[in-house]
Amino acid sequence: MGVQTIDVISSFSKAALVINARVEVDRIVQTLREQVFGTLRRRGVVVGLSGGIDSSVVASLCARAFGSDKVLGIFMPERHSSGDSLRLGRSVAAQLGIDTILEDIAPALEAVGAYRRQIEAIQTVVPQYGDGWKCKLVLASVLESNGLNITRLTVQDPEGKIDTVRLSPAAYLQIVAATNYKQRLRKMTEYYHADRLNYAVAGTPNRLEHDQGFFVKQGDGIADLMPIVHLYKTQVYQLAEYLGVDEEVRRRPPTTDTFSMAQSQEEFYFALPYHLMDLCLYGLNHGISADEVAAAAGLTAAQVQKVFKDIDTKRRAARYLHARPLPTTAMGEG
C-alpha cells in the first residue's frame, strides 16, 4: 500500500517520513468509500474513540469519507481509564459532528474477573497490593540493556510510595492476560453496534504498532478495515495536522491508558519514542545502514543496531498475533 512522499532524498534524514498529507487523505478517503460501500457493503463505520491521535485521525478520515451521519464514535472507559481520554475523545467527536455512545465496560470487566485476576497475580510478588494501590508494567529502554530486557511491575501504594519489582513469568502472563480483557471487550462492543447498524468496524493501529505487535489478538488487532495501518506514527501526526485534529490531542504524548498508573508507550513496549522508532523501522525496512539511521536519529550506530535487533525480535513474537487460525488440512480438500 503506497504513500505519496514529497521528494526522493539524496541521503537519509527525517524527511524520508514526510508525506503529502492532502494527497494521502484524498487517496484514503476514496479507498474507504470503495471498501465500505463496495467490498463490505456496509452503510457506515464504527470507531472506538480513545482521545488519542490514531483514533482521532481514523474518525476524521471516516467523517470525510462518509459524512458525519454515517460514523458512530464509541467511548469505552473503565476503572483505570484516564479522564483526559474521555474528555479529548468527546472534543474530537464534537468537532467532527459525529454521533457517539458511552459504554462503561467496567461492570463487564468486573463480572468476568479481569480486575480480580490482575490483583491476584500482582499479590504473588507484592502481597500487600490491594484497594487504593496503582500499578503499571514497565520495560527499560533497550539502549540501556546489555542482556534480556525483562518487563517489571511498578506499584504505588495509597500514600504515594512507588516501588518497582521483578515479576515471575506466571505473574507477568496473568497480568497481561487479565488486562487483555479490556481490548477484547471493547472490540466486542464495537461489533455489537456495527452489527445492529450494518456498519463496518474501523481499526486504529498504525504501521509501527501493527509491525511490532503492539495490539491484542482478537482485540484492537482486529477490524473490518484499517485506514492508517500503512502509515508510520510520524505520518499519522502529519495527517492529523492537515485534518485539523484538536491541537491538544496532537500535543498529548502517546499513552497506553491501560493500567491504573500513567504509562507511556515506550515505557511499556517500544524501545524509543515513536519519532525515533519510526526512523529506525523505516531504515530497517529500506535497507539503510545503521550509521545513516544513527546520524538522522541522533543516536550511535551501536544503539541503532540494538533497536534493529529489538524490532526483529518483536516481529518474530508478533507472528502469532498476525496468524490466522490453522486448519489441519488445506481448505477445498475432501
Side-chain angles (χ1 to χ4, degrees), residues 48-53 55 74-91 102-142 144-145 148-189 214-216 219-220 248-249 251-271 273-274:
L49 290 174
S50 67
I53 194 72
S55 67
I74 308 179
F75 308 118
M76 293 169 282
E78 48 90 22
R79 187 181 297 174
H80 297 150
S81 299
S82 164
D84 282 344
S85 297
L86 182 56
R87 178 180 62 83
L88 292 172
R90 281 177 165 157
S91 175
L102 175 64
E103 294 274 15
D104 182 357
I105 65 171
L109 290 170
E110 183 71 42
V112 298
Y115 299 121
R116 171 180 56 79
R117 296 169 203 259
Q118 184 189 79
I119 290 171
E120 288 174 351
I122 293 172
Q123 286 176 338
T124 65
V125 291
V126 185
Q128 65 272 35
Y129 189 90
D131 291 342
W133 287 65
K134 296 181 179 181
C135 72
K136 62 181 176 180
L137 294 179
V138 295
L139 192 67
S141 169
V142 70
E144 302 169 2
S145 174
L148 290 175
N149 205 2
I150 299 172
T151 300
R152 296 176 181 268
L153 174 72
T154 293
V155 296
Q156 181 178 346
D157 70 18
E159 283 71 48
K161 181 183 176 183
I162 295 175
D163 192 20
T164 298
V165 299
R166 186 164 179 171
L167 288 165
S168 67
Y172 168 75
L173 290 173
Q174 185 169 327
I175 290 170
V176 171
T179 306
N180 285 350
Y181 269 121
K182 299 179 182 183
Q183 303 302 339
R184 291 183 172 127
L185 188 55
R186 287 188 173 112
K187 193 57 62 172
M188 287 170 57
T189 304
F214 187 58
F215 60 85
V216 175
D220 51 337
E248 188 176 358
V249 174
R251 291 200 315 265
R252 185 190 189 196
T255 175
T256 63
D257 199 27
T258 298
F259 292 91
S260 49
M261 291 182 72
Q263 179 188 53
S264 67
Q265 289 185 349
E266 60 266 27
E267 182 180 37
F268 176 58
Y269 195 79
F270 294 116
Y274 75 87

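Residue numbers run from 1 in the order of the sequence given. The figures that follow rest on heavy atoms only: side chains count, while hydrogens, waters and symmetry mates do not.
Note that OG1 of T255 and CD1 of I53 are 13.5 Å apart. Values are rounded to the nearest 0.5 Å. Within the model, atoms CD1 of I175 and CZ of F259 stand 7.0 Å from one another, a figure rounded to the nearest 0.5 Å. The CG atom of L88 sits 4.5 Å away from atom CD of E248, with the distance rounded to the nearest 0.5 Å. Atom CD1 in I105 sits 8.0 Å away from atom CD in Q183 (nearest 0.5 Å). To the nearest 0.5 Å, atom CD of residue Q263 and atom SG of residue C135 are 9.0 Å apart.
Residues P254 and Y274 approach most closely at CG-CD2, 3.9 Å, considering heavy atoms. When all heavy atoms are compared, the tightest approach of S260 to K134 is OG-CA, 3.2 Å. Taking all atoms of both residues into account, the shortest heavy-atom contact from P77 to L102 is CD-CD1, 3.4 Å. Nearest heavy-atom pair, F75 versus G89, reported as atom, atom and distance to 0.1 Å: CE2-C, 3.4 Å. Across A178 and A114, no two heavy atoms sit closer than the pair CB-O, 3.5 Å. Nearest heavy atoms, I74 versus E103: CG2-CG, 4.0 Å.
A search for side chain to side chain donor-acceptor pair (under 3.5 Å) contacts involving R186 returns nothing, not counting sequence neighbours. For K136, the side chain to side chain donor-acceptor pair (under 3.5 Å) partners at least two apart in sequence or on another chain are E267. With sequence neighbours left out, the side chain to side chain donor-acceptor pair (under 3.5 Å) criterion links S81 to no other residue.
Taking the side chain as every heavy atom from C-beta outward, L137 and V176 approach each other to under 4.5 Å.
A distance-only check finds no donor-acceptor pair linking the side chain of R252 to the backbone of D84 [under 3.5 Å]. Here the side chain of D257 pairs a donor or acceptor atom with the backbone of S82 at under 3.5 angstrom.
Screening residues 175-185 for salt bridge (Lys or Arg N to Asp or Glu O under 4.0 Å), with sequence neighbours left out, gives E78-K182.
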Side-chain donor-acceptor pairs under 3.5 Å in residues 119-128, sequence neighbours left out?
residue, atom, partner, partner atom, Å
E120, OE2, R116, NH1, 3.3
Q123, NE2, Y129, O, 2.7
T124, OG1, A121, O, 2.5

Between side-chain atoms of residues 160-174 and protein atoms elsewhere (two or more places apart, or another chain), which donor-acceptor pairs fall under 3.5 Å?
residue, atom, partner, partner atom, Å
T164, OG1, T154, OG1, 2.8
S168, OG, A171, N, 3.1
Q174, NE2, R117, O, 2.9

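Taking the six-membered ring where the residue is Trp, H80 and Y115 present perpendicular rings, their angle passing 60° and hence far from 30°.
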